Amino acid sequence: DAGVIQSPRHEVTEMGQEVTLRCKPISGHDYLFWYRQTMMRGLELLIYFNNNVPIDDSGMPEDRFSAKMPNASFSTLKIQPSEPRDSAVYFCASSLGFGKLFFGSGTQLSVL
Amino acid sequence: DAKTTQPTSMDCAEGRAANLPCNHSTISGNEYVYWYRQIHSQGPQYIIHGLKNNETNEMASLIITEDRKSSTLILPHATLRDTAVYYCIVRAQTGANNLFFGTGTRLTVIP
């Protein structure tokens, strides 16, 4: 199994631009999580899905952030418009039920 | 989920056992203790979890006190590759399936 796959690995963009982060969970997993990590705030849970349905998005910072999961093998996290304070590492993770989470390698986002 | 308290940092000599403590005094009866670690610039990695009995796997051992208010993760023979931030998390296996990470313990294995 290839594990959780995230793309891109690095993203550099200018303030105001739209950013789309992508995630492919492990096949067969029914939960998908998006986390953000910064030095100041550590690892924050943004949103998680169960069977492609968003369950808890209370961690999404504001309306500029949106996440979708159109099918069991793909999810996106979109930021529009992006701001410098969105600079962080964004991790995607998946799990089978309440089992252990498997994390991707993350996307390092820099908004200039 | 119950809050956990961990030391900010610890050092351990290579080849020695690393004992990482965690306090979770408000843990509920249905909450498990999970440990993850994050090696620099990688995603967190699951290590081990338990409810009330001690657990051991190929990576580590987990010792949970009888009152379940604290636990210790043991890396029996620490190597340089074990240098990482270790997160102790308590989490139920019903209801909301969310995993909240605190600040963790930064373990540095010294040659």
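Sequence lines set the chain letters: A, B, ... in the order given, protein chains first and strands last, and positions in each chain run from 1. All values reported here derive from a predicted model rather than from experimental measurement.
No more than 12 heavy atoms of other residues, nucleotides or ligands shown are found within 6.0 angstrom of CD on E14(A).
At a 4.5 Å heavy-atom cutoff, I55(A) makes no contact with chain B through either its backbone or its side chain.
In the hydrophobic clustering of this structure, I27(B) groups with I48(B); members are Ile, Leu, Val, Met, Phe, Trp, Tyr whose side-chain heavy atoms approach within less than 4.5 Å, directly or through other members. Side-chain heavy atoms closer than 4.5 Å link hydrophobic residues (I, L, V, M, F, W, Y) into clusters, and following such links, even through other members, never connects L101(A) to M69(A). Cluster membership check: F102(A) does not share its hydrophobic cluster with L32(A), using side-chain heavy-atom separations under 4.5 Å among Ile, Leu, Val, Met, Phe, Trp and Tyr. I74(B) and I110(B) are assigned to two separate hydrophobic clusters, defined by single-linkage of ILVMFWY side chains at heavy-atom distances under 4.5 Å.
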Which donor-acceptor pairs sit under 3.5 Å apart between chain A and chain B?
unit_1: Y35(A); atom_1: OH; unit_2: L99(B); atom_2: O; d: 2.6
unit_1: Q37(A); atom_1: OE1; unit_2: Q38(B); atom_2: NE2; d: 2.8
unit_1: Q37(A); atom_1: NE2; unit_2: Q38(B); atom_2: OE1; d: 2.9
unit_1: Y48(A); atom_1: OH; unit_2: N97(B); atom_2: N; d: 3.0
unit_1: G97(A); atom_1: O; unit_2: N97(B); atom_2: ND2; d: 3.1
unit_1: F98(A); atom_1: O; unit_2: Y34(B); atom_2: OH; d: 3.4
unit_1: F98(A); atom_1: O; unit_2: R91(B); atom_2: NH1; d: 3.2
unit_1: L101(A); atom_1: N; unit_2: Y36(B); atom_2: OH; d: 2.8

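Shown here are the side-chain hydrogen bond (donor to acceptor under 3.5 Å, both in side chains) partners of N71(A), two or more places apart in sequence or in another chain: S73(A).
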